[in-house]
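All heavy atoms count here, side chains included; hydrogens, waters and symmetry mates do not. Throughout, residue positions are numbered sequentially from 1 according to the sequence presented.
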Amino acid sequence: MNKLNKTPSLIYLTLVTLMRLMFGFGWLLAGITKITGKSGEISWFQFPGQFLSEYLQASTLKPQVPEFYKFFIEHFCMHWVIPFNYTIPIVQIILGVFIILGFRILPSVLICMFMHINFILSGNMNLLSLTLYTSAFLILLNLDKTKLFSIEQIPPLSKLKRRRRNNIHNHQVAQTLSN
């Protein structure tokens, strides 16, 4: 009877972890394809700013892009195309690796969601964007269950994390008692 209760839990943990791994792989692949250039598109690094400036200009013409975001694109993003050109793919690769490894999952997924919101606001809403955005929410809702096969579950790292958390808690308690 006890085995039956643990089986769905293990299956659920495995599925949530698989979702985390696939989400991370999606971000890793998105960054790599921007650098290397995917079929029919140019590499962001080979021709810096070309694709991104064309994309941003096209975004200002789309009717589904909110006016405040068109203003943001025209008055901010267009002036910083080259830094964004290099930053976006590199951040996507770093976040993908972090999520795959299970390292700093919460901040990584939150940054991914911030980037997704910007992609969606710029008029880039497709099935892949919707799937990744939904996956991010599901990972956040199941954050404590996504740590199966996570680098943060390696015993020395988890002990260090617990020790650091206890030190912070003890420091806070000491401050409260001294006041």
Side-chain angles (χ1 to χ4, degrees), residues 12-13 15-148 150-152 168:
Y12 183 68
L13 288 173
L15 289 174
V16 171
T17 301
L18 184 63
M19 181 175 53
R20 184 199 85 214
L21 293 171
M22 293 179 72
F23 182 74
F25 183 72
W27 276 91
L28 177 66
L29 196 59
I32 290 172
T33 55
K34 284 178 180 66
I35 292 174
T36 61
K38 52 187 170 183
S39 60
E41 290 187 11
I42 61 172
S43 163
W44 285 32
F45 280 29
Q46 188 177 6
F47 302 101
Q50 183 178 345
F51 175 81
L52 192 56
S53 59
E54 290 172 5
Y55 173 82
L56 291 172
Q57 288 171 354
S59 294
T60 60
L61 302 175
K62 293 179 181 178
Q64 69 266 29
V65 176
E67 289 300 319
F68 77 91
Y69 204 75
K70 288 180 183 179
F71 182 84
F72 173 70
I73 290 172
E74 291 170 352
H75 294 17
F76 181 77
C77 296
M78 292 303 289
H79 300 291
W80 295 92
V81 169
I82 297 299
F84 284 141
N85 185 81
Y86 292 108
T87 304
I88 291 171
I90 291 170
V91 169
Q92 286 179 321
I93 290 171
I94 291 169
L95 292 174
V97 170
F98 275 17
I99 293 169
I100 289 169
L101 293 176
F103 181 70
R104 303 292 186 220
I105 299 170
L106 178 62
S108 298
V109 172
L110 290 175
I111 294 168
C112 289
M113 288 183 71
F114 173 75
M115 291 176 74
H116 267 299
I117 289 168
N118 283 287
F119 296 150
I120 291 169
L121 284 173
S122 69
N124 185 16
M125 184 54 140
N126 53 30
L127 184 59
L128 181 61
S129 293
L130 185 61
T131 304
L132 287 172
Y133 197 66
T134 305
S135 298
F137 272 112
L138 291 173
I139 290 170
L140 287 178
L141 290 173
N142 296 290
L143 193 60
D144 59 327
K145 294 169 184 65
T146 61
K147 301 205 175 176
L148 188 64
S150 167
I151 198 168
E152 291 184 353
I168 291 171

Which pair of non-hydrogen atoms, one from [X] and one from [Y], has the smallest distance, and what is that distance?
X      : Y      : value
Ser59  : Ile73  : CB-CD1, 3.8 Å
Arg20  : Ser150 : NH1-CB, 4.0 Å
His79  : His75  : CD2-O, 3.1 Å
Gly123 : Lys62  : O-NZ, 3.5 Å

To the nearest 0.5 Å, what is the distance between [atom1] on [X] and [atom2] on [Y]?
X      : Y      : atom1 : atom2 : value
Leu28  : Leu21  : CG    : CG    : 12.0 Å
Ile105 : Leu143 : CD1   : CG    : 6.0 Å
Thr17  : Tyr12  : OG1   : OH    : 10.5 Å
Leu121 : Gln64  : CG    : CD    : 11.0 Å
Leu29  : Met22  : CG    : CE    : 11.5 Å
Leu110 : Ile139 : CG    : CD1   : 11.0 Å

- Do the rings of Trp27 and Phe119 sit parallel, tilted or perpendicular, given the 30° and 60° boundaries? parallel

- Message: Name the residue from Leu56, Leu52, Thr60 that meets the side-chain contact (heavy atoms from CB on, under 4.5 Å) definition with Met78.
- Response: Leu56

- Kindly determine whether Phe23 and Cys112 satisfy side-chain contact (heavy atoms from CB on, under 4.5 Å), including the steps that lead there. CA-CA 10 Å; Phe23 182 74; Cys112 289; 3.9 Å; yes

- Query: Considering only heavy atoms from C-beta outward, does the side chain of Lys70 approach that of Glu67 to under 4.5 Å?
  - Reply: yes

- Query: Can you check whether Phe51 reaches Gln46 side chain to side chain, under 4.5 Å on heavy atoms?
  - Reply: no

- Close aromatic pair by centroid cut-off 6.0 Å: Phe71 and Phe68: no

- Task: Verify the ring-centre separation between Tyr133 and Phe137: is it less than 6.0 angstrom?
- Result: yes

- Side-chain donor-acceptor pair present, Tyr55, Ser122, cut-off under 3.5 Å: yes

Which atom pairs, one a donor and one an acceptor, fall under 3.5 Å between side chains of residues 82-99 and the rest of the protein, sequence neighbours left out?
unit_1	atom_1	unit_2	atom_2	d
Asn85	OD1	Gly49	N	3.2
Asn85	ND2	Trp44	O	2.8
Thr87	OG1	Pro83	O	2.6
Gln92	OE1	Lys34	NZ	3.2

